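Since the structure comes first, as structure tokens, the remarks are kept for the end.
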There are 2 protein chains.
Amino acid sequence: MKNIEIDEELYQHIVSHTQSIGESASSILRRLLSLTNGENVKKDVKIDIDKDDIETKQYVVEEPQENPAQKTKIENVFNFINKEELSMQRGAVGRFLLILAAIYRVHKQNFSAVNEISGRDRLYFANSAEELSESGSSTKPRQIPNSPFWVITNSNTTRKKMMLTKVAVAMGYNEIEVEKIRELL
Amino acid sequence: MKNIEIDEELYQHIVSHTQSIGESASSILRRLLSLTNGENVKKDVKIDIDKDDIETKQYVVEEPQENPAQKTKIENVFNFINKEELSMQRGAVGRFLLILAAIYRVHKQNFSAVNEISGRDRLYFANSAEELSESGSSTKPRQIPNSPFWVITNSNTTRKKMMLTKVAVAMGYNEIEVEKIRELL
DNA sequence: GATTCGATCGGAGGGATAGTTA
DNA sequence: TCTAACTATCCCTCCGATCGAA
């Protein structure tokens with residue numbers, strides 16, 4: 001649980017959308033932000049069970065699709081990638097960030113695994129610009145759009161591709177899928 | 001100010017939509033909940049003007065009266081403008097081109113009127129990079145995306161806004177609409 | 001003078017490649 | 001020592017504020 005500070009007016013706005021006695025701020029906000037059930041369910045049981053159980057639960061809750069577990073996965077990533085937008089970027093950095101943002105959207109839950117990916121002495125990913133700046137010089141940290149994650153940007157395109165590869169692998173993609181992702185850069 | 005307690009996941013969701021360094025929870029939430037006005041607006045102009053002026057400004061800028069012809073026109077332009085895409089551009093040039101591209105899409109027929117818009121000795125618009133290059137030095141011509149038109153790009157932001165204004169006027173927009181367009185930059 | 005306009009030039013971003021380290 | 005992996009310097013391009021010109 002986290003505490004955040006909001007202004008009076010916003011508070012009243014949230015309160016006014018209460019739909020049941022004793023409803024929590026999280027619950028109201030989730031409804032207002034359309035972040036309903038799916039994620040709720042996982043959250044609600046976290047208190048009682050351990051990590052592994054949660055994973056199991058998730059699979060139950062998530063799409064019970066047949067075979068194409070991988071197929072839907074890659075399609076999801078590409079659903080969040082606007083080819084037009086990608087090709088519009090003036091350099092590899094823009095594309096890099098867009099691809100990472102797409103992967104983040106699809107893998108919010110375990111995206112933090114990217115924090116394990118790093119170079120010999122520089123960090124590659126972190127949750128703040130500072131951490132990255134401190135791990136090397138001129139690392140040029142950039143925030144992955146709409147995510148709390150940051151990446152290092154000072155590297156050649158080859159290394160950016162390697163980084164993408166590692167991220168894709170960490171998210172569980174297979175060789176072919178990884179190749180597709182890396183080719184987007 | 002009020003404090004509310006929310007779950008970890010919801011917290012991450014909110015954080016991930018931060019759009020500026022040090023942005024407050026209220027500000028992010030207001031954006032996500034489309035509660036634009038209120039404190040946000042006031043904040044943005046606080047530096048320059050006093051409270052009374054703010055109130056006035058707000059009322060003026062709000063509500064674009066219902067005048068069917070104008071309404072549909074402005075809606076058309078905005079249909080072709082992806083706010084996300086705009087805010088993603090790293091500089092004014094990117095936004096400038098995107099806005100012009102949107103106007104072009106809506107006003108293909110008489111867009112060539114922009115060729116009349118020019119500076120003291122430089123051309124501002126033309127149908128080729130060469131024409132623009134020849135009319136001045138380091139004019140940095142860029143093609144308006146998905147159009148046969150080119151614009152000069154070497155100018156300060158103020159001038160780019162003026163150029164947008166002239167284009168909007170040439171396309172027949174009224175004062176309020178022009179202001180909305182120029183504010184996109 | 002006052003104002004508008006042009007384009008130079010300082011600054012930031014991008015990323016290949018020279019240099020460093022294991 | 002040689003090589004592979006990694007870092008970050010440094011050159012190039014883009015941006016656009018600023019200041020000189022008209």
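As the structure is a computational prediction, the values presented were derived from the model and not from experiment. Only heavy atoms go into these numbers, but all of them, side chains included; no hydrogens, no water, no symmetry mates.
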Exercise. Is there a donor-acceptor contact under 3.5 Å from the side chain of B:Ser147 to the main chain of B:Phe149?
Worked result: yes
For this session: Would you mind reading off the bend of the helix from C:dT3-D:dA22 to C:dA22-D:dT3 from its two end axes, five pairs each, to 10 degrees?
Result: 20°
For this session: Would you mind listing every salt bridge (Lys or Arg N to Asp or Glu O under 4.0 Å) that reaches into residues 15-29 of chain A, with sequence neighbours excluded?
Result: A:Glu23-A:Arg31
Problem set entry | For A:Arg142, side chain to side chain donor-acceptor pair (under 3.5 Å) partners two or more places apart | none
For this session: Tell me, please, which residues at least two apart from A:Thr165 pass side-chain contact (heavy atoms from CB on, under 4.5 Å).
Result: A:Val169, A:Val178, A:Arg182
For this session: Look at the side chain of B:Glu177 and the backbone N and O of B:Asn174, then say whether any donor-acceptor pair between them is shorter than 3.5 Å.
Result: yes
Exercise. If you walk 5' to 3' along DNA chain C, what is the first nucleotide with an atom under 4.0 Å of a heavy atom in chain A, and what is the last?
Worked result: C:dG14 to C:dA22
Problem set entry | Contact check, side chains of B:Ser155 and B:Tyr124, non-hydrogen atoms, under 4.5 Å | no
Problem set entry | DNA chain D contacts among residues 125-143 of chain A, heavy-atom distance under 4.0 Å | A:Gly136, A:Ser137, A:Ser138
For this session: Quick one: which residue pairs count as a side chain to side chain donor-acceptor pair (under 3.5 Å) with a foot in residues 86-105 of chain A, not counting sequence neighbours?
Result: none
Exercise. Residues two or more places apart in sequence or in another chain: which of them pass side-chain contact (heavy atoms from CB on, under 4.5 Å) with B:Ser128?
Worked result: B:Glu130, B:Glu131
Problem set entry | Set of side-chain contact (heavy atoms from CB on, under 4.5 Å) partners for B:Ala129, sequence neighbours left out | B:Pro141, B:Trp150
Exercise. For A:Ser138, which residues count as a side-chain contact (heavy atoms from CB on, under 4.5 Å) partner, sequence neighbours excluded?
Worked result: A:Asn154
For this session: Considering just the side-chain nitrogens and oxygens of A:Arg120, establish if one lies under 4.0 Å of OP1 or OP2 belonging to D:dA5.
Result: no
Problem set entry | Intermediate values then yes/no, side-chain contact (heavy atoms from CB on, under 4.5 Å), B:Glu183 and B:Glu179 | CA-CA 6 Å; B:Glu183 273 173 6; B:Glu179 183 53 29; 3.0 Å; yes
Seminar exercise, completed: Within residues 153-162 of chain A, the residues having a heavy atom closer than 4.0 Å to DNA chain D are A:Asn154, A:Arg159, A:Met162
For this session: Would you mind reporting whether A:Arg30 and B:Asp7 have side-chain heavy atoms less than 4.5 Å apart?
Result: yes
For this session: Specify the closest pair of heavy atoms between A:Val151 and A:Leu100, including all atoms of both residues, with the distance to one decimal.
Result: CG2-CD1, 3.7 Å
Problem set entry | For DNA chain C, the residues among residues 84-102 of chain A that have a non-hydrogen atom under 4.0 Å from it | A:Gly91, A:Ala92, A:Val93
